[in-house]
Structure formats: C-alpha cells, structure tokens
Colleague: 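Just dropping this structure here.
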Number of protein chains: 4
Amino acid sequence: MVRSVDSPLQTAKAWSRSRRGKQPSDGDARTRILDAAEELFAGGGYEATPTARIAELAGVPKGLVFHYFPRKIDVLISLVDERTVVVEEEVEEEAEAVPGDAVGALSRLARRLPLRASPAMRRILFREADTHLSVRERLSRLNAEIIRRARFALELALPGGRGDAARLEAAAATFAAVLLYQESICLLTGHHIDPDAVAELIAHALH
Amino acid sequence: MVRSVDSPLQTAKAWSRSRRGKQPSDGDARTRILDAAEELFAGGGYEATPTARIAELAGVPKGLVFHYFPRKIDVLISLVDERTVVVEEEVEEEAEAVPGDAVGALSRLARRLPLRASPAMRRILFREADTHLSVRERLSRLNAEIIRRARFALELALPGGRGDAARLEAAAATFAAVLLYQESICLLTGHHIDPDAVAELIAHALH
Amino acid sequence: MVRSVDSPLQTAKAWSRSRRGKQPSDGDARTRILDAAEELFAGGGYEATPTARIAELAGVPKGLVFHYFPRKIDVLISLVDERTVVVEEEVEEEAEAVPGDAVGALSRLARRLPLRASPAMRRILFREADTHLSVRERLSRLNAEIIRRARFALELALPGGRGDAARLEAAAATFAAVLLYQESICLLTGHHIDPDAVAELIAHALH
Amino acid sequence: MVRSVDSPLQTAKAWSRSRRGKQPSDGDARTRILDAAEELFAGGGYEATPTARIAELAGVPKGLVFHYFPRKIDVLISLVDERTVVVEEEVEEEAEAVPGDAVGALSRLARRLPLRASPAMRRILFREADTHLSVRERLSRLNAEIIRRARFALELALPGGRGDAARLEAAAATFAAVLLYQESICLLTGHHIDPDAVAELIAHALH
DNA sequence: TATGAATGAGCTTTCATTCAT
DNA sequence: GATGAATGAAAGCTCATTCAT
C-alpha cells in the first residue's frame, strides 16, 4: 500500500495541502515566517536568502523575524527541529514484513522513508548539512535509521543467514545511499533512479 | 594497476603535492588565488567566502582578485573549468577489461573515477551544484560518464546478455550513486561505504 | 555622631538592605523596574542599557516598563527625582558645629554628604550628567550645597575672619571637588583619597 | 614661561588651529574621520554617536569608516591612543623649580598638565572612562603622573621635611583631583575653580 | 492594570566591486 | 600588472515604542 503523505515522490504543493490544509499565507506570524524560510532556503540556499526576503514573503515586518528568531541561523535550526522528524521506531514494520519478500520490504522502506518532512525540507537537509551542525546531525540520524531499517528488512526477508554479514551491511548502506541521494541527483543531473529496481537488484544479490 | 592521483581515497595534501610538487603558496598570483578559493569554497561554501579572505589566504592584494576574475562567480567558474576534468574517453579501459571479472572492472572504476579533481574540488562540485549552472553541468556530465562506464564494465564483464537491460541500468546507476556520494555521506554522517563491497554486491546481483 | 546610611563609604549592598529591608526583587512592579534600571544604568550607562534588559532584570513584561514610564528617559528622570535627594537645609548642622574644630566639621560633612542616594545613584549622577539636563541640575545643586556647607563649617570653625574670603572660597570648592569625585576617581583609577586627610589639610591651610 | 598650547583654558578651536594649522576638513580621510569622531564623541558621547554621523561630518562614505576602523570602538581606541599623550618624563621640571616657591611650582603644573590633548579629547577621556578599558587606563596614568609631579613639586619647594609624608600625599592627591575635574565640574555645574588659588591654599597648608 | 506581539527606523557591519595611481 | 583606498548597497540585528487584548 502506498501512503502519499510521506512518499518522497509527492510534490511540494501536495505536501503543503495535506499537512496544513490551508492557503500558503495562513497561520500565525511565526508559522508564516517558517513557511517562507522553508521555501526560500530550499530554493536559493540559506546563505543566499536575506532575512528581509523571508519577512517579505511571509508578509510580516522585518523586525518580527528577529522577534521570534534572534539570529538568522535560528530560523534554520527551528525549521530542522520542527519540520523534520526522523521516525526512529515503528512497531508495524515487523508486522508488515513478509519473510522471503526482501524486495517488498525494501520497496516499502523506499516509499515510506522514516522521515516526516516536506520535499523542501529534504532539500534543505541535504544542502545545508555540511555547513550547519544541527542540520548535519539530523541527516546523520536519518542515514543511520535508514540503514538500520534496510538491514532489518533484509535480515527478516532472507532468513537462514545466507550471505555473510559484511555483504548484508554493504547492501543496507548502498540502499540507504541510493534512497537519500536519489532526490538530489535527480534534481541536479536529471537522472532518475527507480528505488524499486534497486531494491530488486539488492535482494537478488543476497538471493 | 592503481594510480593514486585520482583515487578518491587520497588525501587533500597528497593531491596537492602530487599535482603541483610545490609549496602551497607557490605559483603565480592567479594560481594562488585559485588555490585559496578552492580551499575556502570547499571549507565554508561559495556564498560564505568573501573575496577578501581569498586574497588574504592567497597572499595577494584584494584588487588583484578582480583583476583576474572580474566577478566573484568567475573564480568559481574558473575553478570548475580548470580543475575538474571529466575524462570522457579513455581507450585503455577496454584493454584492461577482463571478461567475466565484473568485480574487478567496477573496483577499477571506483579507484579511477573519470574525474581529475582534488578532494576539495569534489566537495565544491557537489555543494555548489544546485546554485550554479556551470557547476551543475559539470556534475551532470560526471554522473553520466560514471554510469556509462559502469554499464560498459558490466556489459563487458557479463557477456551473454544475462540479466535484462533494466536491471543492468539500475546496477550502473546504483554504483554511480554510491561512488559519487560516498565522500559526501562519509563527511556528513561519518558512515563509510566500501566501494569494493558494493562492486561485489552488484556483480553478484547480475551473476 | 556618624550615621552610616548616607556615608559614602557604605557598600551598595548595605544601602539596599538599610533602605528597603527587603529582597532585591521585592516591591511592586514600578519599584522593581527602578531597582533594575538603577543597577543597569550604574553598570553600563543609560545609553547602553536597553529597556528590555531592565524589564528582564525587574522580572516584569517589557510593556509594563512603558506603562509606568512612557519614554525611556523617564526612567532616568524618575530615578534622579526619587532616588537622589540633595538635603539643602539641616538645622542640626549648626548645633553640631564646634567653634574651632574645622577638621571635625569638614570630616562630618564628608561622612554625611547632603545627598541621600545609593552608591549606584551617585555613579549615575556623574556619568549621565553631561548628557541629560535633569541629571545635571541635580548634580549642580549638590555641588552648590556641599560648597555652601563647607564654607559654613569653615567660617564657623574659624571665627575672627582670619584668612581672606577668596581663600575660604577656594578651600570650600576644593573640598567639594575632592568629595564629589573621590568615588569616581577611585573607581576609575584605583587611587583612593582620604577625605579626613584633606579636611585636616584644608583646616591647616586656614589655620 | 610656556603658555597656550597645552593650557587647559584654551578653546577647542584654538587647539585645532595651533596643532594642525589647517581647515577642519583638511587632511586624509582617516584623519578627517578621527577629527569628526573627536568632535562628536566629545559633544554627545560615544554611545549616542552613530558611525554614519561621523562619516557625514568627515565627508567620507560610511563604508570608509569601517575600512580604517573595523569596529566602532576602534575609532575611540585610536583616538585615545593617538591623541592623548601622557607626558611621563620632563627634565625641565627640576630646572624650573625654585626651592621655596611651592605655589609657583603647582601653578606651573596646572598650566602645563602632563597631557597633550585637545579639550575635546579631555572630555572624551573623562566621559568614556568608566565604560571603556583603554580610556580608563589612559586616565589612570594621567592621574598618577599628576600626583607624582605635584608631590615632586611640593617636596622640592618645601625642603626640610616640614609636614609629614601623609599630609604631603593628601596635598598632591587633592591638587590632582582639582586639576583633573575642574573642567568637568565647570562644564557640569558652572562652578569655576581657580587652580592658582588652590595651589596657594595647599602651599600654605604645608608652609 | 498587564501583556507580549508587532512595528519600522536606524544601527553596526559586510562586501563585491571600482578606480586612480 | 599591481595596489589598496574608496564606494554604497545591502546585510544582520537592535530597540524604543505602540497597541490590541
């Protein structure tokens, strides 16, 4: 089953609608500031976005941005804190796992990343990761969680310990790398990678 | 044969030495400016690096930077133009290919990316790709070339057309993704991926 | 008799305790605002103290400061108005005067300045005097009163009109200058002046 | 006898003329910036003076102020460093000293403070002393030097060890206090103190 | 009386870029 | 080519003050 809310394939617009169900400039001032920052940071990058433009897009006076976020960097930090959630435990995963169905397990993971974040927030997560510590930490945890889940899915789906641990580890890391960067690489190079095909490939590699 | 010059594993220092065989502040002014910019752009990002700091690190007066590079962006463009070379044709590759040895072929590709660039330049290539067109184009060509080579290596090593074309394509793209992003992901998350293990995994997936 | 309350030698803490007999953050909001302002103005100066910090230290919301004091300058004015009292008439002074004891009279004046103000308020009085008219006026009156008293003490203690009027005037002004600035100069340069020694010096000069 | 150049009585205008012999807006940009800052800091205080007004009065663009003085405080520091000189040794003083003529010695000290600074710089020295360390240090050294000289003058003029050391110390400190603060107190309270009268008073006290 | 979000002018500072020498 | 003073637009940020509640 595909749930669109957290599919990485859904559009920014769709995310907005499904999460807030309102017009873009709705909500209180603080929310509108974060909305604006999210859009601008995703579009042009943190450094290249003046706070004045955030205020302008949010429809609030410049000073109000600093009322809520004393320093510009606090906007980014709050954005990451409040709008990216790495889901680190999910009991249902085991329930859904079907022994032997490694492809299905990975495919499900690809469709339902343990990340609650808009497409815009994902771009911010990657783009600003190497400049800002708090962003990097979040990304780091996401990466670890995806690897953990991929490993779990593969272990469950491939009982009997076929394949050594090292190969399983490489498989999990590879799948995480592809998932994390497919959006970026597609955006940058226009080359699309189908996670399902990779899932099948990896599953096949481990039999 | 392993050539260390373009190995992704070599250090920034080693690159510097092997390429220039000089002290860091050697060379003419233009070269020193590019050296400084390379280091600073890689470290803090293009936007966050003032031209004055480039001049300072290069040991040249501020005005000289603009003598060689009329606009700041020209420093980045020149850097990418002159210090990242995507090697798009290499006759020897076929010569080295051993039919049946897919792992060896991919492993060789990992060690010898079709990219002549310092580690610093690689970071710049990824970091600034979504902001600056010229950088993005270079990255795009690099990605395409790696996929092309990975596909070629796999086709050659796995004769007989075993495995369908789609799976082969997924394998090539996966390998390219891992190669391209392993440095970034390691830098960001601390998680290291061994290209050889991935090569073996993929080769095994295609038999 | 020595009364410690207005001795220039008493500490800020002692003043606080003796005057209010309460915890620092006691009292109604208006009082706490003035307390906070007194401390901050004395420490960093009027201009360098934001009203927000006054409110914060006072433990009241920012808006309340402006409820009691419509403009920031009104805090300073109220402080000077309410917390510096230049005592311009004191009948007992004559009673205590002992003809012939000029040193004792001056010494008593030094210990009991005709000023009811905390050490913090004294600093404010000097520091802000040349910027704010109301402060300057208060300081001016204090200076005049000290001179008047010193002159009176010397006249009374040195009967017979020995010494001409000009010298007596210079003596009074000198004593006032030393008294008024000894705190400042000690604070600024670390050099301490003993008012008693100066009293003796001056008395001796006039025989 | 040396007169007007360093007399505390000379006007700001006269100082300007005698020191530079030019129009106010002469000199290079850096000098004009310091000129403007000197005038404005003396008039309204450091905190209350925006750098933009300094630039405006100096007739230079705002950015140039920060070209020469990276932070606003550096303008004040440079001003104190370059435009207040505490003269800590002067051989002639002994030559001029006439044993027995204590009044003359003190009077000469009053007229020729061991301070090379315009009246404006003197005000800055006092006004900003308790906020800025570098200013306070300069003032502290000036105070110490005046005391040293006053003590020296009195010792020389009053041979024979008449009067104990403590009284002599008090006398020196008193004279220094009056000299240092007469300008301030005059400015603030309008009350003028004649240093000569104080000199005579003190000399008389020590016979 | 009490509150804190809202406001915008103005602050210090940064910086790419120009240009006379 | 080489230099660093000069320039001004724009950045991040501060802050007194207002005002609806």
Side-chain angles (χ1 to χ4, degrees), chain A residues 28-33 46-56 58-76, chain B residues 28-30 32-33 46-56 58-76, chain C residues 28-30 33 46-56 58-76, chain D residues 28-33 46-56 58-75:
Chain A
D28 58 0
R30 189 175 183 281
T31 303
R32 290 210 311 278
I33 290 169
Y46 171 81
E47 292 282 1
T49 303
T51 50
R53 283 198 62 204
I54 298 175
E56 187 187 32
V60 302
K62 215 172 29 166
L64 198 56
V65 174
F66 290 93
H67 177 71
Y68 288 109
F69 309 97
R71 299 162 307 158
K72 186 190 175 188
I73 190 69
D74 292 324
V75 178
L76 180 59
Chain B
D28 59 1
R30 191 176 182 282
R32 290 212 309 279
I33 290 169
Y46 171 81
E47 291 282 1
T49 303
T51 51
R53 283 198 61 204
I54 298 175
E56 188 189 32
V60 303
K62 209 167 40 170
L64 200 54
V65 174
F66 287 90
H67 177 74
Y68 288 112
F69 310 97
R71 298 162 308 156
K72 185 189 176 189
I73 191 68
D74 293 325
V75 179
L76 180 59
Chain C
D28 59 1
R30 191 176 181 282
I33 290 169
Y46 171 81
E47 292 282 2
T49 302
T51 51
R53 283 199 59 203
I54 299 175
E56 188 188 32
V60 302
K62 209 168 39 172
L64 199 54
V65 174
F66 287 90
H67 177 73
Y68 288 112
F69 310 97
R71 298 161 307 155
K72 185 190 176 188
I73 191 67
D74 293 325
V75 179
L76 179 59
Chain D
D28 60 0
R30 190 175 183 281
T31 302
R32 290 210 312 277
I33 291 169
Y46 171 82
E47 292 281 0
T49 303
T51 50
R53 283 199 61 205
I54 299 176
E56 188 189 29
V60 302
K62 216 171 27 165
L64 197 55
V65 174
F66 288 91
H67 177 69
Y68 287 109
F69 310 97
R71 298 161 309 158
K72 185 189 175 188
I73 190 67
D74 292 325
V75 179

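Since we're looking at a predicted model, the values are computed, not measured. Naming: A, B, ... by sequence-line order, numbering from 1 per chain.
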Colleague: Working to the nearest 0.5 Å, report the span between CD1 of A/Ile33 and CG of A/Asp28.
Modeller: 8.5 Å
Colleague: Taking CD from A/Glu47 and P from E/dA16, how many angstroms apart are they, rounded to a whole number?
Modeller: 12 Å
Colleague: What is the distance from CZ of A/Arg30 to P of E/dG4, rounded to the nearest Å?
Modeller: 16 Å
Colleague: Check whether any side-chain nitrogen or oxygen of B/His67 sits under 4.0 Å from OP1 or OP2 of F/dA2, and answer yes or no.
Modeller: no
Colleague: Pick the closest DNA chain E nucleotide for D/Phe66 and for C/Val60 by heavy atoms, then say which residue is nearer the 5' end.
Modeller: C/Val60
Colleague: How many Å lie between CD1 on C/Ile54 and P on F/dC15, as a whole number?
Modeller: 11 Å
Colleague: Could you tell me the separation between the CG atom of A/Leu64 and the CZ atom of A/Arg30, rounded to the nearest 0.5 Å?
Modeller: 11.0 Å
Colleague: Please state how far atom CG in D/Asp74 lies from atom P in E/dT12, giving the value in whole angstrom units.
Modeller: 13 Å
Colleague: How close or far is atom P of E/dT3 from atom CD1 of C/Ile33, stated in whole angstroms?
Modeller: 10 Å
Colleague: I want to confirm an ordering. Mapping B/Lys62 and A/Arg71 to their closest nucleotides on DNA chain F, which one lands closer to the 5' end?
Modeller: B/Lys62
Colleague: Check the pair D/Phe66, D/Thr51 against side chain to side chain contact (heavy atoms under 4.5 Å, CB included), reporting the backbone distance first and the verdict last.
Modeller: CA-CA 9 Å; D/Phe66 288 91; D/Thr51 50; 3.8 Å; yes
Colleague: Can you measure from CG (D/Asp74) to OH (D/Tyr68) and round to the nearest 0.5 angstrom?
Modeller: 15.0 Å
Colleague: What closest approach, in Å, do A/Glu47 and B/Ala48 show between heavy atoms, and which atom pair accounts for it?
Modeller: OE2-CB, 3.6 Å
Colleague: Just verifying a value: how many Å separate A/Lys62 NZ and A/Glu56 CD, rounded to the nearest 0.5 Å?
Modeller: 11.0 Å
Colleague: In this structure, how many angstroms lie between the P atom of E/dC15 and the CZ atom of B/Phe69, rounded?
Modeller: 20 Å
Colleague: Distance check: side-chain N/O of C/Tyr68 vs OP1/OP2 of E/dT1, anything under 4.0 Å?
Modeller: no
Colleague: Do the side-chain N or O atoms of B/Thr51 get closer than 4.0 angstrom to the phosphate oxygens (OP1, OP2) of E/dA16?
Modeller: yes
Colleague: Grab the CD-C1' distance between B/Glu56 and F/dT3 for me, whole Å please.
Modeller: 16 Å
Colleague: Which residue lies toward the 5' end of DNA chain E, C/Ala29 or A/Leu64, if each is placed at its nearest nucleotide?
Modeller: C/Ala29
Colleague: Take N1-N3 plus N6-O4 or O6-N4 for Watson-Crick, N1-O2 plus O6-N3 for G-U, both under 3.5 Å. Which runs of 3 or more such pairs involve DNA chain F?
Modeller: E:2-21 with F:2-21
Colleague: Strictly below 4.0 Å: does B/Lys72 bring a side-chain N or O up to OP1 or OP2 of E/dA16?
Modeller: yes
Colleague: Would one find more than 12 heavy atoms of other residues, nucleotides or ligands at under 6.0 Å from atom CZ of D/Arg53?
Modeller: no
